[in-house]
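Report on the following structure.
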Amino acid sequence: MEAHKKPTNNHEEDHVHTEGDGHDHDHSHDNTDKTVFQMFLPAIISLVLLLLGVALDNYIPTGWFKGWVRILWYGVAYIPVGIPVLKEAFESITKGDVFSEFFLMGIATVGAFAIGQYPEGVAVMLFYAVGEVFQTMAVSRARGNIKSLLDQRPDEVTVMENNQPKTIKAKEAKIGDTIQLKPGEKLALDGELISDSASFNTAALTGESKPDTKNKNEAVLAGMINMNGIALVKITTAYEDSKLSKILEMVQNATSQKAPTELFIRKFAKIYTPIVVILAILICLLPYFFVSDYQFRDWLYRALVFLVISCPCALVISIPLGYFGGIGAASRNGILFKGSNFLDSIAEIKNVVMDKTGTMTEGVFKVQEVSITSEFNKDEILQMVNTLESKSTHPVATAIHEYVGDINHSIPLEQMEEIAGHGLKANVNGKELLVGNFKLMDKFNISYDLNPAHIVYTIIAIAYDKKFAGYITIADSIKADAKETVDKLHKMNVKATMLSGDKSTVVKFVAEQLGIDNAFGDLLPEDKVNKVKEIKAKNQTVAFVGDGVNDAPVVALSDVGIAMGGLGSDATIETADIVIQDDKPSKIPMAINIGKQTKKIVWQNIILAFVVKGIVLILGAGGLATMWEAVFADVGVALLAILNAVRIQRMNF
């Protein structure tokens, strides 16, 4: 089932980066529990001391601010922002990563002190520290948004012990315990409803505001809110194994599935930084052999400026943050991406292949027409059919039950059997009753005088006492936003294809109403695979949208597997690359748009960083750029890139 994960291709490198990862360090450091003021305090102290020092140097005449006093002053100003970075540089070196951005900033600022450029040494480290805090805040905010969006569970639950309610921590609740859920309370764990029925608000999980009524023994999920009356729920899944936990974990770990652009930048930074250090050394020493008035101090300054400019911080932070922003924006809209690589993949999709039932249609069948021959009593036949269908769990049985009404349990059913792919058979009052498709009629040699191919809807044929008694047509209603979905896909130049195991006439009828490019019915799972192979043979990218379980072979073959209503099935969450929580097909073009916008922002950041750094590097090597320009090229570009990356979380899709 993991075959469809092939866009990653770098599993060995797909790990959540930590501080020891060199350039890809986690900018949260130890700041996650600190207030904004505490995070900025070291920078504030350094800034106050730096400004006082610059004032004493240039604007306030004094005789004491020189020599060791001046050095000590700027040294104290450097400590709050410099020591954490030098510590990081040392830790990176001990872990085998010598050429980290901390190392670059460390040697550049210590070098500035060594040649007497104290204010500039402090200023460079100060701006770098401020940039780090902003990066930390941006990453923490992105993570926090996703966590608060998804982790909708309360910390405590009320369990019943000896018929007495007792409040305990949700994590301590065990499988088999009974939870008492009062009106307005949120369910903390997945379970099974013990009460006869209860209405739940599922908006936290699916975005749908209308209440969902559950009956006894039906599954209820963590995050649902009880609407009215006390409900009792038997826990069926441990806290950490609930579907909500799995989705939360999936999105929190989404950054471990790196996009190709991200992986390239990581590899690039590993090669780029040592080259920059070597070039800086050459800038400092090589002119000795070619310049007549060579001054070591001047060329060392140029080399240090070059080092500050070349720090790859803007790239290695803004790019992962851009992808994380895309994942966050998608989550806010009820679309869960399993990794940033799928944001890249979906942006390139040219074909969306979709299932019909439950994807473009509601999956709720309703009776459209009842045609019973005059030889039989219509009410009697429908009562018998309703009683027989009550033994089936098929959606068709539900549709018939809703149409006919209460089941007449006095009707004697004998020798009942289900014939796979055909329908149901039983004896009623000593006579044979058949309810199913026309293949069932043919199997039992029942003659009929109509052509089923001319009827658009799904047909349930009925025979009683070896005679054709008539038929019931059943149809599934099209989802409200299905037409809008296909229109949006066409505007993006994406082709839409419908593959279904349902009757061809039904599939073609739905496809015509929606404007779908190609539609195929009467397909087995292997037929769907062949159709997708045909599209891929033309070197075209394919996203498959279905339930992720029945269509597993197609999901595995497609470039991107999208599951509708992933909260309904553990297997869906495991199989699909993208999970649409609320069953709305309009989220398909939205997911493609989010992928395109994320990619656009990431490439804007890459071009911005390379162009600005390239210009200032040339100026720095030529002695035309000072430490101040270097600070802009590093921290300034990093902050601009971060602001651009965060922008995606405020976009409307």
| query | Does any N or O in the side chain of Asp522 come within less than 3.5 Å of the main-chain N or O of Ser504, such that one atom is a donor and the other an acceptor? | reply | yes
| field | Whether Thr473 side chain and Glu369 backbone form a donor-acceptor pair below 3.5 Å | value | yes
| Minimum heavy-atom distance between Ala511 and Ala519, given as atom pair plus value | CB-CB, 3.4 Å
| Sub-3.5 Å donor-acceptor pair from the side chain of Asn333 to the main-chain atoms of Ile335, do we have one? | no
| query | At what distance, to the nearest 0.5 angstrom, does NZ of Lys443 lie from CG of Asn437? | reply | 11.0 Å
| said: Return the CZ to CD1 distance between Phe468 and Ile372, rounded to the nearest 0.5 Å. | reply: 8.5 Å
| message | Tell me whether Lys536 is salt-bridged to Asp559, with the criterion being a basic N under 4.0 Å from an acidic carboxylate O. | response | yes
| task | Search all heavy atoms of Asp355 against all heavy atoms of Thr359 and return the closest pair with its distance. | result | O-CB, 3.3 Å
| Heavy-atom pair of closest approach, residues Ala188 and Ala222 | O-CB, 3.5 Å
| So does Lys488 pair up with Glu484, basic N to acidic O under 4.0 Å? | yes
| Lys216 and Glu192: salt bridge (Lys or Arg N to Asp or Glu O under 4.0 Å), yes or no, with the steps? | CA-CA 8 Å; Lys216 189 170 183 175; Glu192 186 181 279; over 6 Å; no
| field | Main-chain N/O of Phe337 paired to Asp577 side chain as donor or acceptor, under 3.5 Å | value | no
| field | Backbone of Gly184 reached by a side-chain donor or acceptor of Asn226 within 3.5 Å | value | no
| request: With the side chain counted from C-beta on, respond yes when Tyr471 and Val370 share a heavy-atom pair under 4.5 Å apart, and no when they do not. | output: no
| task | Report yes if some heavy atom in the side chain of Phe544 is under 4.5 Å from a heavy atom in the side chain of Val352; otherwise report no. | result | no
| remark: Distance col, row Lys599:NZ vs Ser345:OG, nearest 0.5 angstrom, shows 8.5 Å
| query | So, the side chain of Ser199 versus the backbone of Met227: is there a donor-acceptor pair under 3.5 Å, distance only? | reply | no
| task | Tell me yes or no: between the side chains of Tyr448 and Asp442, is some donor less than 3.5 Å from an acceptor? | result | yes
| Under 3.5 Å, side chain of Lys508 to main-chain N/O of Val456, donor-acceptor pair present? | no
| request: Report yes or no: is the cationic atom of Lys531 (NZ for Lys, CZ for Arg) closer than 6.0 Å to the six-membered ring centre of Phe520, at no more than 45° off its axis? | output: yes
| Main-chain N/O of Val560 paired to Ser558 side chain as donor or acceptor, under 3.5 Å | yes
| query | Of the options Val542, Val532, Ile535, which is the one that meets Leu557 in a side chain to side chain contact (heavy atoms under 4.5 Å, CB included)? | reply | Val532
| task | Taking the side chain as every heavy atom from C-beta outward, state whether Ile472 and Ile459 have any pair of such atoms under 4.5 Å apart. | result | no
| task | Give a yes or no on whether the backbone of Lys356 and the side-chain of Thr361 come within a donor-acceptor separation of less than 3.5 Å. | result | yes
| Working for side-chain contact (heavy atoms from CB on, under 4.5 Å), residues Met360 and Lys479 | CA-CA 6 Å; Met360 303 305 280; Lys479 287 185 178 177; over 6 Å; no
| query | Passes side chain to side chain donor-acceptor pair (under 3.5 Å), Asn644 versus Gln604? Steps please. | reply | CA-CA 8 Å; Asn644 192 35; Gln604 284 171 355; 3.0 Å; yes
| task | Examine distances only and state if a side-chain atom of Thr541 and a backbone atom of Glu348 form a donor-acceptor pair shorter than 3.5 Å. | result | yes
| field | Steps toward side-chain contact (heavy atoms from CB on, under 4.5 Å) verdict (Thr497, Met354) | value | CA-CA 6 Å; Thr497 302; Met354 56 196 73; over 6 Å; no
| request: Check the pair His490 / Asp517 against side chain to side chain donor-acceptor pair (under 3.5 Å), numbers first and verdict last. | output: CA-CA 9 Å; His490 286 155; Asp517 302 291; 2.9 Å; yes
| Any side-chain heavy atom of Met564 sitting closer than 4.5 Å to one from Val545? | yes
| message | Check this for me: does any side-chain nitrogen of one of Lys483 and Asp487 sit under 4.0 Å from a carboxylate oxygen of the other? | response | yes
| Would you say Asn215 has more than 12 foreign heavy atoms packed within less than 6.0 Å of its CG? | yes
| Spacing of CG belonging to Asn386 relative to CD1 belonging to Ile407, to within rounding of 0.5 Å | 5.5 Å
| If we only count heavy atoms from C-beta on, is the Ile400 to Val385 side-chain gap below 4.5 Å? | yes
| request: Using a strict 4.0 Å threshold on nitrogen-to-oxygen distance, state whether Glu418 and Lys391 make a salt bridge. | output: no
| request: Give the minimum heavy-atom separation between Ser586 and Thr485, together with the two atoms involved. | output: N-OG1, 3.0 Å
| query | Are side-chain heavy atoms of Val396 and Ile460 found at a separation under 4.5 Å? | reply | yes
| field | Smallest separation among heavy atoms of Met492 and Pro589, with atom names | value | CE-O, 3.2 Å
| Residues Asp476, Lys366: salt bridge by 4.0 Å N-O rule | no
| Are Ile592 and Phe653 side-chain neighbours, meaning at least one heavy-atom pair lies under 4.5 Å? | no
| note | Minimal heavy-atom distance between Thr387 and Ser390, with the atoms involved, is O-OG, 2.5 Å
| Name of the residue among Ile648, Ile601, Leu343 meeting side chain to side chain contact (heavy atoms under 4.5 Å, CB included) with Tyr323 | Leu343
| request: List the steps and the verdict of side-chain contact (heavy atoms from CB on, under 4.5 Å) for Val353 and Val554. | output: CA-CA 10 Å; Val353 178; Val554 202; 5.5 Å; no
| Does the side chain of Phe200 come within less than 4.5 Å of Val220's, by heavy atoms? | yes
| request: Assign the ring pair Phe509 / Tyr457 to parallel, tilted or perpendicular, where the plane angle (0 to 90°) is split at 30° and 60°. | output: perpendicular
| query | Should Ile319 and Ile606 be marked as a side-chain contact (heavy atoms from CB on, under 4.5 Å) after you check the CA-CA gap, both sets of side-chain angles, and the distance that decides it? | reply | CA-CA 8 Å; Ile319 290 167; Ile606 290 171; 3.4 Å; yes
| note | Distance col, row Ile327:CD1 vs Lys338:NZ, nearest 0.5 angstrom, shows 13.0 Å
| field | From CD (Gln540) to CD1 (Ile349), nearest 0.5 Å | value | 10.5 Å
